[in-house]
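Counting begins at 1 with the first residue of the sequence.
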Amino acid sequence: VQLQASGGGLVQPGGSLRLSCAASGLTFSRYAMGWFRQAPGKGREFVGGINWSGGSTYYADSVKGRFTISRDNAKNTVYPQMNSLKPEDTAVYSCAARGDGIILTTTRWDYWGQGTQVTVSS
């Protein structure tokens, strides 16, 4: 199983960025997908998740109203759209897959991908 996150970069405060996570080696449509981030010197944080069909999404309070997660099961890809970015959103963002549905923690996910760096700075 491979999960490859991409789309990170440098963006100014108030800007937007869309990440993606492409999955292979699993039946993507059977897995909930989660997004996480880890800032320098801090622990991993749950950012948001989407269920297998895309019909349910969950977000951390810190990103609610600014981030939107969607998925395309035909392309085995999940996308977090990040708007109104703040300097405190700076972190390495990574994705994970879970066969038993979304869990709002950073543990008990089945598969993890490598991260992509997001830097919010002027």
Novice: Within 45 degrees of the ring normal and closer than 6.0 Å to the centroid, is that where the cationic atom of Arg18 sits relative to Tyr79?
Specialist: yes

Novice: Between the side chain of Thr119 and the main-chain N/O of Leu10, is any donor-acceptor distance below 3.5 Å?
Specialist: no

Novice: Using the rule that two of Ile, Leu, Val, Met, Phe, Trp, Tyr join whenever any of their side-chain heavy atoms come within less than 4.5 Å, decide whether Leu19 and Tyr59 are in one cluster.
Specialist: yes

Novice: Pairing donors with acceptors under 3.5 angstrom, does anything connect the side chains of Ser20 and Ser6?
Specialist: yes

Novice: In the structure I gave you, are the side-chain heavy atoms of Pro87 and Pro13 within less than 4.5 Å of one another anywhere?
Specialist: yes

Novice: Is the side chain of Thr90 donor-acceptor paired with the backbone N or O of Val120 at a distance under 3.5 Å, no angle test?
Specialist: yes

Novice: Closest heavy-atom contact between Asp110 and Gly99?
Specialist: OD2-N, 2.7 Å

Novice: On a heavy-atom basis, which atom in Ser53 and which in Asn73 lie closest, and how many Å separate them?
Specialist: CA-ND2, 4.5 Å

Novice: Please examine the side chains of Val118 and Asp89, heavy atoms only from C-beta on, and report whether any two atoms are closer than 4.5 Å.
Specialist: no

Novice: With ring centroids as reference points, do Trp52 and Phe28 lie under 6.0 angstrom apart?
Specialist: no

Novice: Check step by step if side chain to side chain contact (heavy atoms under 4.5 Å, CB included) holds for Gln4 and Cys95.
Specialist: CA-CA 8 Å; Gln4 183 62 54; Cys95 57; over 6 Å; no

Novice: For the CE atom of Met33 and the CZ atom of Arg71, what is their distance to the nearest 0.5 Å?
Specialist: 6.5 Å

Novice: Kindly indicate, with the supporting measurements, whether the criterion side chain to side chain contact (heavy atoms under 4.5 Å, CB included) is fulfilled by Phe67 and Trp35.
Specialist: CA-CA 11 Å; Phe67 290 14; Trp35 277 92; over 6 Å; no

Novice: Is it possible for you to say whether Val92 and Val11 belong to one hydrophobic cluster, with membership spreading through side-chain heavy-atom contacts below 4.5 Å?
Specialist: no

Novice: Any donor-acceptor pair under 3.5 Å linking the side chain of Ser62 with the backbone of Ala60?
Specialist: no

Novice: Thinking salt bridges, do Lys64 and Asp61 make one under a 4.0 Å N-O criterion?
Specialist: yes

Novice: State, to 0.1 Å, how close Leu26 and Ala97 come at their nearest heavy-atom pair, and which atoms those are.
Specialist: CD1-CB, 4.1 Å

Novice: Going from CD1 on Ile50 to OG on Ser56, what distance comes out if it is rounded to the nearest 0.5 angstrom?
Specialist: 8.5 Å

Novice: Quick one: are Ile69 and Val78 in side-chain contact, heavy atoms under 4.5 Å?
Specialist: yes

Novice: Looking only at heavy atoms, which two atoms of Ser94 and Gly115 are closest? And how far apart?
Specialist: CB-CA, 3.9 Å

Novice: Determine, step by step, whether Met82 and Tyr93 satisfy the side chain to side chain contact (heavy atoms under 4.5 Å, CB included) criterion, reporting the C-alpha distance in whole Å, the side-chain angles of both residues, the deciding distance to 0.1 Å, and the verdict.
Specialist: CA-CA 11 Å; Met82 307 187 298; Tyr93 285 73; 3.9 Å; yes

Novice: Roughly how far, to the nearest 0.5 Å, is CZ of Arg66 from CD of Gln81?
Specialist: 12.0 Å

Novice: Hey, does the side chain of Asn76 reach the backbone of Ser24 with a donor-acceptor pair shorter than 3.5 angstrom?
Specialist: no

Novice: What distance do Glu45 atom CD and Arg37 atom CZ have between them, rounded to the nearest 0.5 Å?
Specialist: 4.5 Å

Novice: Work out which heavy atom in Ala32 is nearest to a heavy atom in Gly101; give both atom names and the distance.
Specialist: CB-C, 3.6 Å

Novice: Examine Phe36 and Leu85 and state if one hydrophobic cluster contains both, with Ile, Leu, Val, Met, Phe, Trp and Tyr joined whenever side-chain heavy atoms are less than 4.5 Å apart.
Specialist: no

Novice: Do the side chain of Thr105 and the main chain of Thr107 share a donor and acceptor less than 3.5 angstrom apart?
Specialist: yes

Novice: Please report the interatomic distance CD(Gln114) to SG(Cys21), rounded to the nearest 0.5 Å.
Specialist: 11.0 Å

Novice: With a 4.0 Å cut-off on N to O distance, would you call Arg108 and Asp100 a salt bridge?
Specialist: no

Novice: Rounded at 0.5 Å granularity, tell me how far CZ in Phe46 sits from CH2 in Trp109.
Specialist: 6.0 Å

Novice: Kindly write out the residues that satisfy side-chain hydrogen bond (donor to acceptor under 3.5 Å, both in side chains) with Ser16, not counting sequence neighbours, or none if the list is empty.
Specialist: Asn83

Novice: Do Tyr58 and Asn51 pass the side chain to side chain contact (heavy atoms under 4.5 Å, CB included) test, and can you show the C-alpha distance, the side-chain angles, and the key distance before you say yes or no?
Specialist: CA-CA 9 Å; Tyr58 302 85; Asn51 76 332; 5.6 Å; no

